Amino acid sequence: MTDTPPPFLPFARPDIGDAEIAAVTETLRSGWVTTGPKARTFEQAFTDYLGGNGLQSIAVNSATAGLHLALEALGIGPGDEVIAPTLTFTATVEVVRYLGADPVLVDVDPVTLNIDPEAIRAAITPATRAIMPVHYGGLACDMDAILAIAREHGLKVVEDAAHALPTTWQGRLVGQLDSDVTVFSFYANKTITTGEGGMAVTRDPKLAERMRVMRLHGMSRDAFDRFTSKTPAWYYEVVAPGFKYNLTDTAAALGLVQLQRLPQFLQRREHLAARYHAQLAGLPLVLPACAPTGDVHAWHLYVIRLAPDACMGRDALIQALSDRGIGTSVHYVPLHRHPYWRDRYGLAPEQFPQADAAYQAMLSLPLFTAMQDSDQDRVIAALREVLG
Ligand SMILES: *Cc1c(COP(=O)(O)O)cnc(C)c1O
């Protein structure tokens with residue numbers, strides 16, 4: 001008799017329970033499945049979660065949509081430049097191209113892997129309009145430095161907070177900082193999920209209004225408003241050529257339950273990250289930076305880097321883990337290495353020494369709330385076996 005091999009451990013998996021299934025079922029039975037009461041309740045709950053304080057939350061069908069709406073509302077257009085890190089997902093900057101503007105990619109800090117404020121400074125030109133920090137893996141960027149640069153040069157700041165729920169910077173939740181718009185993602189592998197979805201958050205009522213109108217075809221009233229209000233239901237006005245970026249009520253129902261579970265989700269992620277930190281300490285690895293004392297790291301990702309003296313390369317390590325039934329990923333192939341960005345802007349790895357070196361040594365270990373300590377023990381044992 002041979003032992004059956006343990007099941008494949010994925011790198012991430014959504015944590016959807018009976019409460020989510022009940023909430024979605026109730027919405028499906030309610031007769032209202034597109035944007036309506038659940039989406040509104042989700043927006044309010046999200047604002048409340050972040051602590052209110054004049055914030056408005058605009059639910060959208062992806063973070064990509066939210067980032068696009070944010071830049072559109074800020075008036076970004078042809079001839080404008082937007083500074084962003086090269087070590088991010090392409091969504092961060094593809095939206096800059098949607099508007100005919102140009103992203104200017106910069107290097108990251110070698111310790112945090114977040115955008116390097118000095119690199120931002122060096123990239124500013126008369127055409128620069130905005131900065132898009134990405135809170136990589138769930139660790140806050142140096143927002144004091146970034147907001148100071150923005151103020152000094154009259155630039156807008158749109159935070160890509162796809163990894164950053166709930167992340168804090170100097171005790172304040174990301175979403176409550178002094179940027180123009182912050183955008184969260186509820187994609188399947190993020191810290192809470194609606195399947196697909198996102199939330200744009202702002203304290204500026206004009207930006208909020210523009211994003212709401214552009215979220216749904218540039219219409220002055222959405223379907224739910226027309227359904228419930230006393231003025232004639234059939235009447236609306238189109239004020240701009242908008243987009244179709246609204247979040248459905250079925251997705252919002254899922255999100256409402258996930259948001260309630262966020263504190264427990266965070267606890268679980270913190271527990272798993274602490275165990276990785278303790279158990280991987282002696283290996284030839286660079287472990288991910290922790291948040292400064294008193295601040296929260298959302299631990300969306302646990303990104304390790306092979307030390308230069310490790311006995312194998314990154315690709316071989318990914319293969320060795322895969323052979324042992326363990327899934328991993330790489331976050332990210334930096335944008336300067338993708339053909340579109342590389343060729344359009346003539347980018348070379350030498351321009352981004354920190355991000356490029358990190359990329360060649362990095363992999364993301366399994367980290368998700370439904371993962372058991374025993375699952376994690378397998379990952380740790382495999383790393384010890386092949387690297388020890
Ligand atoms: C996931 C992600 C996005 C896009 O989120 P969607 O909700 O899938 O559109 C944007 N930026 C970063 C850094 C991401 O990880």
Side-chain angles (χ1 to χ4, degrees), residues 11-14 39 42-43 46 57-72 82-98 103 105-106 108-109 112-115 130-141 143 146 157-167 174-175 179 181-201 211 215 243-248 251-252 254-255 258-259 269 288 297-303 329-336 338 341 355 358-359 362-364 367-368:
F11 141 77
R13 189 167 60 211
F42 186 38
E43 290 178 336
F46 202 81
S57 298
I58 294 109
V60 284
N61 57 15
S62 72
T64 309
L67 291 166
H68 184 197
L69 290 178
L71 294 184
E72 197 278 340
V82 176
I83 297 173
T86 184
L87 194 64
T88 186
F89 186 54
T90 194
T92 310
V93 291
E94 73 191 28
V95 299
V96 177
R97 295 293 305 129
Y98 293 178
L105 300 175
V106 302
V108 297
D109 177 274
T112 62
L113 302 183
N114 275 326
I115 193 166
I131 307 169
M132 298 179 83
V134 179
H135 306 293
Y136 180 84
L139 176 65
C141 294
M143 289 306 293
I146 291 166
V157 177
V158 174
E159 291 172 74
D160 179 338
H163 302 178
L165 185 68
T167 292
V174 166
S179 58
V181 184
T182 303
V183 181
F184 297 90
S185 172
F186 310 134
Y187 179 69
N189 70 0
K190 300 289 160 63
T191 55
I192 69 169
T193 187
T194 59
E196 300 281 357
M199 196 72 84
V201 169
M211 290 193 285
R215 167 177 67 176
F243 309 105
K244 187 71 202 285
Y245 282 168
N246 54 306
L247 188 74
T248 65
L254 180 48
Q258 290 265 299
L259 187 62
R269 286 182 179 276
H297 190 314
W299 292 114
H300 163 55
L301 299 175
Y302 193 89
V303 178
S329 192
V330 173
H331 297 89
Y332 295 91
V333 178
L335 297 179
H336 65 257
H338 287 286
W341 301 111
Y359 159 63
M362 69 166 45
L363 64 158
S364 304
L367 180 65
F368 53 94

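For ligands, and for the atoms within them, numbers begin at 1 and follow the listed sequence. What you see is a predicted model, and the numbers here were worked out from it, not measured in a lab.
Under the salt bridge (Lys or Arg N to Asp or Glu O under 4.0 Å) criterion, R13 pairs with no residue, sequence neighbours left out.
The aromatic rings of Y136 and Y332 stand perpendicular to each other, their planes meeting at an angle above 60°, with 30° marking the opposite boundary.
In summary, the side chains of E43 and S57 do not present any donor paired with an acceptor at a separation below 3.5 Å, with no hydrogens or angles considered.
Under the 6.0 Å cut-off for aromatic ring centres, F46 and F186 qualify, their centroids lying closer than that. Taking the six-membered ring for Trp and the full ring otherwise, H331 and F11 have centroids separated by under 6.0 Å.
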I'd like the atom pairs linking ligand 1 to the protein - N or O on both sides, separation under 3.5 Å - with distances to 0.1 Å.
unit_1	atom_1	unit_2	atom_2	d
ligand 1	5 (O)	S185	OG	3.2
ligand 1	7 (O)	A63	N	2.8
ligand 1	7 (O)	S185	OG	2.7
ligand 1	9 (O)	A63	N	3.2
ligand 1	9 (O)	T64	N	2.9
ligand 1	9 (O)	T64	OG1	2.5
ligand 1	11 (N)	D160	OD1	3.4
ligand 1	11 (N)	D160	OD2	2.7
ligand 1	15 (O)	H163	NE2	2.7
ligand 1	15 (O)	K190	NZ	3.1
ligand 1	15 (O)	Y332	OH	3.0

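Just one residue in the list L87, I146, T86, V134 forms a side-chain contact (heavy atoms from CB on, under 4.5 Å) with I115, and that residue is I146.
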